[in-house]
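Below is one structure; the comments refer to it alone.
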Amino acid sequence: MDPECSRLLPALCAVLADPRQPVADDTCLEKLLDWFTAVTEAGSSLLLLQENPCLVELLFHVLKSQDLSSRILSFSLRLAGIFAAQENCFQYLQQGELLPMLFGEVGPLGGTSWTAPTVRSGWIQGLHTLAQHPSALRFLAACGAVDTIFSLQGDPSLFVASAAGQLLVHILDLAMRGPAEGHRSPQACDWPACAQKIVGHIEDSLCSTAIPQVTQALSVLTTVFGHCHGLWTQGLWVRLSPFVARLLEKDPVPASHSLVDFLLSVARSAPSSDRGLWETLAQTLSHLSPTQAGPLAFGILKLQDCPQALRTQAFGILLQPLACVLEAAAQAPGALGLLGAAAGDSVAVGTLLSSRPACVGLLCCALAHLGLLQPLPQRPSPWPQVPLLGAAVTILRLCSGSAAPTSDVGGRLCAILVGCGRVQRAALDFLGALSQGTGPQELVTQVFSVLLEYLVSPESSSMVLKKAFQATLGWLLRSPKTPGCCDLDPHTQLFLRELLPVLQKRLCSPCWEVRDSGLEFLTQMTRHWGGQAGFRQALLASEVPELTKQLLRDPESYVRASAVTATGQLSSWGLCATPASPERPGAQQSLLAELLHILSTDSEGFPRRAVMQVFTEWLRDGHTDVAEDAERFVAGVLQAVSRDLDWEVRAQGLELALVFLEQLLGQRGSHCPCAVAPPEAAPPGLLAHALQVLGRVQLFEFALRALFDCDRPVAQKSCDLLLFLRAKAAPCGSPREAGDGPNVASVGATLQKWQAGEQGQPLGLLEPAAVVALLRSIDLEGLRDTLAESSDHVEKSPQSLLQDMLAAVGALGESGADCY
């Protein structure tokens, strides 16, 4: 420990032990515990206590004080656990009977302070930290702590109850580490008494008629099999499997969600040869209701090694609800495909028709699980893509009311699902996931038809429309190309002609979320299809580009930002509308000027950030409007950005500056701040020209001001840019030669004023030699290292923490306080 910290420690312990002193805040106490943890991990806890007896005195004083705050008592319990985690220090504390007084019945456990959740939590955390060695196990058994932990599993505080369960797992794992060594799976009679007691308690809880107790036992077991990887867990499963079988005999199965989590945890850790486990999983699938069995079936299908029969059973459970929907909608006999085997299940049909909540829950669960399963490599094969597509389309039509079921079951389903936004969103998500596969053209046409139906419908909510746009984009981007042609196929072009008028309507929606979703859809579609003749022709024939440009003045900032991104993408492909204004028939408004106006005047940060992203992309890609006069463009942008109050806009300005610098030096997109090798130096002639241009656009002044920006990410970007430029200027004369001509001292004085927060005078136009000398005079590497440190690296020191805690109660001289 640092000598200065040792000097301050007695005063701090006196403050903590004095109930008259204001209680330190929780953050300081947590930092103090973190520091003690680091100190004990780096050295001997016993030596620490012997050199600083005030720490032991604090723990003894806590026991005697009647009016100490619950937070200080909790802190002391956790501190004792940190010290006792080392066995020799544990025995040292045991000699004075300190640990039994802290954690036994004579301590807080039997006092009024126990009513405070923070004390119970501190007691558990202290024991958790302490339980690291065999001596701790004997102590836990002797002081009766395990029984208390059992009772705390049902604590009204969820944090305390959860911590109690985790502590039981930790103790069981610690107890079983010894006997598990050298044995495949130790017999129950060989297990230590502590482990026997915990497992016996779990068995009693599994037999209980109280569901909370069953849930607690299953939660502990789930953690055991998820975190403990000793061979003894196989023996534990063998011992507990009869209790699981008894749970499955009950109707309904108690704590089904916790049971599913437990069984999947066992399945992930058990060997694939464990037939008993697979049989238990199969029995569980058949005993649970369709809604309860869905998560288990999905978990089974994600397992790497699993018997095929069990996979088939699990997949059938996920398919049952969709098979029932297809059957109820009176689909043709062949339409069910592989789903036919899952159809006709009376339990699934009963659940679908029992009530609206049950039907909605079952369908949403099945759709979500199948959607997540679709991209996985271990998904079932063959994958029933066609019937699943048909089921998704049917569900969407039932929800919209456009389906015409002929059976009684279909009519009932339609009445339950019509207008249900939750099922609509789930089905649209699933339909979007299925776009990664293929399907016959007739069915794909039905997919586009139902998507267009939802995009057109006035009943579609903003979230449903967002999902419909996302699913539509997925299917459009995967539509096949015409053989021998790089353009879109005729079916897709026909759909586009129907889609764009709908998009026009949605861009005029009174709901800003809808306008925003429409713009995002347009941006993505343009990014992928901007060069396709069929898309360009259809888009330019519509009013979408003009409406998009009008939305640059939308009252909602999110929409303005999306409109900026969309118009930027349209302009990149030459698709942006530039209509003549009524007042000046021959004039055309410049999109570049309008975006610069937004960058300079918009009151919200989102549109300005979007403008900078567009401008950087335009400069990088050589956009026509930018390439005409890149120097003037960059100068105008940097002038606007330098005054911006949003640090993200300023940081993006430095990104644009770096792109411009790379282009001037003929190294387009070559720089990476994290690159190991430094960039190669530029030829002197090219460098001199580049430095003159950079001076004219005021890039140096912008970057150097950003170097002292109060927002660290901006300063870091500026440092990276200047380091890159200095590396490029390496051969440009010696430092002596570079510094002889210009008055570098006056520039340095200006920089010092900027660093101090003063405005200072502008740098003006600097000669190339002055720039090189200036870059060499600044310790950019040192600044980069400083910026890489956390903003509170000084205040995080232990000495600073102790000083602050003492200063807060006036126990430190005025000169000793470390003020932030």
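On a predicted model such as this, the values are computed, not experimentally measured, just so you know.
- Between the side chain of Arg379 and the main chain of Gln374, a donor-acceptor pair closer than 3.5 Å is present.
- If you take CG on Leu465 and OH on Tyr454, they are separated by 11.0 Å, rounding to the nearest 0.5 Å.
- Looking at Arg239 and Glu203, a side-chain N of the basic residue comes within less than 4.0 Å of a carboxylate O on the acidic one, giving a salt bridge.
- Here Arg609 pairs with Asp646, Glu648 under the salt bridge (Lys or Arg N to Asp or Glu O under 4.0 Å) rule; sequence neighbours left out.
- Looking at Asp261 and Thr222, their side chains never bring a donor and an acceptor atom within 3.5 Å of each other.
- Under the rule for a side chain to side chain donor-acceptor pair (under 3.5 Å), the partners of Asp429 that lie at least two apart in sequence or sit in another chain are Lys467.
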May I have the list of side-chain donor-acceptor pairs in residues 206-217 shorter than 3.5 Å, sequence neighbours left out?
{"unit_1": "Ser208", "atom_1": "OG", "unit_2": "Ala210", "atom_2": "N", "d": "3.0"}
{"unit_1": "Ser208", "atom_1": "OG", "unit_2": "Gln213", "atom_2": "OE1", "d": "3.3"}
{"unit_1": "Thr215", "atom_1": "OG1", "unit_2": "Ile211", "atom_2": "O", "d": "3.0"}

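- Minimum heavy-atom separation, Gln292 to Ser256: NE2-OG, 3.2 Å.
- Annotation for Val464 and Leu428: closest pair O-CD1, 3.5 Å, computed over non-hydrogen atoms.
- A pairwise comparison of heavy atoms in Leu522 and Ala566 identifies CD2-CB, 4.5 Å as the closest pair.
- The CH2 atom of Trp529 sits 14.5 Å away from the CZ atom of Arg536 when rounded to the nearest 0.5 Å.
- Residues Leu519 and Ala563 come closest through the heavy atom pair CD1-N, 3.6 Å.
- Heavy atoms only, all atoms of each residue included: Ile300 and Cys306 are closest at CG2-SG, 3.7 Å.
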